[in-house]
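To start, the structure under review is shown below, and the notes come after it.
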Amino acid sequence: MNRFIVFEGIDGSGKSTQIKLLEQKLKQYSISFSTFREPGGNLLSEKIREILLDKDISICDESELMLFLAARGQNTEEGILKELSQGKFVICDRYSDSSMAYQGFGKELDKDFINSCNKFVTKGITPSITVILDISRNVSKNRDDSENDRMENNSNTFFMKVEEGYRKIAKAYPNRYLLIDGSLNIEQIHNLIWSKFKKEFDL
Ligand code: ADP
Ligand code: TYD
């Protein structure tokens, strides 16, 4: 078993907020950890991120998938694997399931192909816990008035398919996924995550 915890959910679902609270808790318990984000985490992946989120660049669905995967491959090789192999806890803001939810369910690209590519770039690492914050885009976009990036410019229909995709992913592996109603308050969500964390890692 690895010590890998991933946060998933649509844009503005509360991932960063919950990651910060989990980080504070781990510090209180003197547990060492590293945090990564996707796309990002190193020079190459941060540059790919800039391209992917730039609303002035036109990117077809196939190229979009490949860029997310390239960013993941580098993040895994350069960051995540190294930390996990030293026995550290690793928290990641998005990972393989984002490609399945956004490009697989949202953009309707071939899911088997995405699965194979995810296995290839992650070298088969599977998170111990994946928290999915389940919320509708109509609610999450009202929480944030910053300008939309290229991905956030996708339609409401697209986001509904992504939301449904996340629910399907969670249902397929109920032991590994913690599907949480993202409209609960911040503290309630944190308590659910911390309970699962303590149980999983025997704290
Ligand atoms: P993400 O990282 O998923 O994009 P954030 O954590 O940045 O989401 O949250 C987006 C916005 O919603 C922030 O302004 C944050 O303070 C607010 N927020 C996060 N969680 C909740 C919650 N459970 N209820 C209400 N507002 C929230
Ligand atoms: P980011 O700002 O990190 O997400 P959030 O708005 O939730 O804080 O933006 C990353 C965007 O890229 C987000 O819209 C989700 C999308 N994405 C994919 O479509 N596929 C992927 O594989 C990943 C990792 C992200």
Side-chain angles (χ1 to χ4, degrees), residues 1-43 45-46 49 53 71-72 74-101 118 122-137 139-146 149 163 166-167 169-171 173-203:
M1 188 186 69
N2 61 43
R3 295 172 155 190
F4 189 21
I5 304 104
V6 170
F7 284 76
E8 293 279 357
I10 61 156
D11 304 66
S13 54
K15 299 179 295 301
S16 317
T17 306
Q18 291 303 326
I19 287 172
K20 276 193 205 102
L21 290 174
L22 179 60
E23 287 175 335
Q24 281 168 17
K25 215 35 156 286
L26 294 180
K27 280 183 194 150
Q28 278 168 25
Y29 278 69
S30 303
I31 294 173
S32 69
F33 63 91
S34 297
T35 305
F36 296 90
R37 69 169 175 177
E38 292 233 337
N42 59 78
L43 192 55
S45 308
E46 290 293 337
R49 178 188 178 88
L53 298 185
R72 179 162 310 124
Q74 195 67 26
N75 201 16
T76 303
E77 175 63 29
E78 208 175 297
I80 293 171
L81 264 179
K82 223 176 260 171
E83 301 296 298
L84 286 176
S85 67
Q86 289 169 10
K88 259 198 200 166
F89 280 93
V90 171
I91 300 172
C92 198
D93 190 339
R94 301 188 176 281
Y95 202 53
S96 301
D97 290 326
S98 281
S99 297
M100 188 52 79
N118 266 333
T122 63
K123 301 183 165 75
I125 322 175
T126 307
S128 304
I129 306 174
T130 299
V131 175
I132 299 181
L133 298 172
D134 183 20
I135 196 164
S136 108
R137 179 67 186 144
V139 176
S140 78
K141 79 176 159 209
N142 288 330
R143 290 175 173 177
D144 173 19
D145 50 13
S146 65
D149 60 38
E163 288 156 27
Y166 273 128
R167 283 179 214 123
I169 293 170
K171 268 190 203 134
Y173 302 97
N175 290 337
R176 278 201 276 117
Y177 288 89
L178 180 61
L179 183 71
I180 299 180
D181 176 355
S183 65
L184 295 174
N185 75 43
I186 291 173
E187 204 49 41
Q188 284 172 313
I189 297 175
H190 172 65
N191 290 337
L192 290 168
I193 294 169
W194 185 238
S195 297
K196 172 81 178 170
F197 188 98
K198 282 198 297 191
K199 197 166 157 220
E200 184 73 23
F201 298 111
D202 230 2
L203 290 186

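Hydrogens, waters and symmetry mates play no part in the numbers below; they use all other heavy atoms, side chains included.
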Side chain proximity check, [X] to [Y], heavy atoms < 4.5 angstrom:
X     : Y      : answer
Lys25 : Leu203 : no
Thr35 : Asp93  : no
Leu26 : Ile91  : yes
Phe33 : Ile5   : no

Do the side chain of [X] and the main chain of [Y] share a donor and acceptor less than 3.5 angstrom apart?
X      : Y      : answer
Ser32  : Lys88  : no
Arg176 : Ala170 : no
Ser13  : Ile10  : yes

Hey, could you give me the [atom1]/[atom2] distance between [X] and [Y], rounded to the nearest 0.5 Å?
X      : Y      : atom1 : atom2 : result
Glu8   : Met100 : CD    : CE    : 11.5 Å
Leu184 : Ile135 : CG    : CD1   : 9.0 Å
Ser140 : Leu133 : OG    : CG    : 10.5 Å
Gln74  : Ile80  : CD    : CD1   : 11.5 Å
Thr17  : Leu22  : OG1   : CG    : 12.5 Å
Asn2   : Ile129 : CG    : CD1   : 10.0 Å

Between [Y] and [X], do the side chains contain a donor N or O and an acceptor N or O under 3.5 Å apart?
X      : Y      : answer
Glu38  : Ser98  : no
Glu200 : Ser128 : no
Ser99  : Arg72  : yes

Ion pair check, [X] and [Y], cut-off under 4.0 Å:
X      : Y      : value
Arg37  : Glu46  : yes
Arg137 : Glu163 : no
Lys123 : Glu77  : yes

What are the two closest non-hydrogen atoms of [X] and [Y], and how far apart are they?
X     : Y     : answer
Arg94 : Asp11 : NH2-N, 3.7 Å
Lys15 : Phe7  : CD-O, 3.7 Å
Ser45 : Ala71 : OG-O, 2.9 Å

Among Asn118, Thr130, Thr126, Thr76, find the one that has a side-chain hydrogen bond (donor to acceptor under 3.5 Å, both in side chains) with Tyr95.
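Answer after filtering Asn118, Thr130, Thr126, Thr76: Thr76.
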For the pair Val6 and Asp97, evaluate side chain to side chain contact (heavy atoms under 4.5 Å, CB included) and give the outcome as yes or no after the intermediate values.
CA-CA 9 Å; Val6 170; Asp97 290 326; 5.9 Å; no
Show your reasoning for whether side chain to side chain contact (heavy atoms under 4.5 Å, CB included) applies to Lys196 and Ile193.
CA-CA 5 Å; Lys196 172 81 178 170; Ile193 294 169; 5.9 Å; no
Could you check whether Phe89 and Phe197 have their ring centres less than 6.0 Å apart?
yes
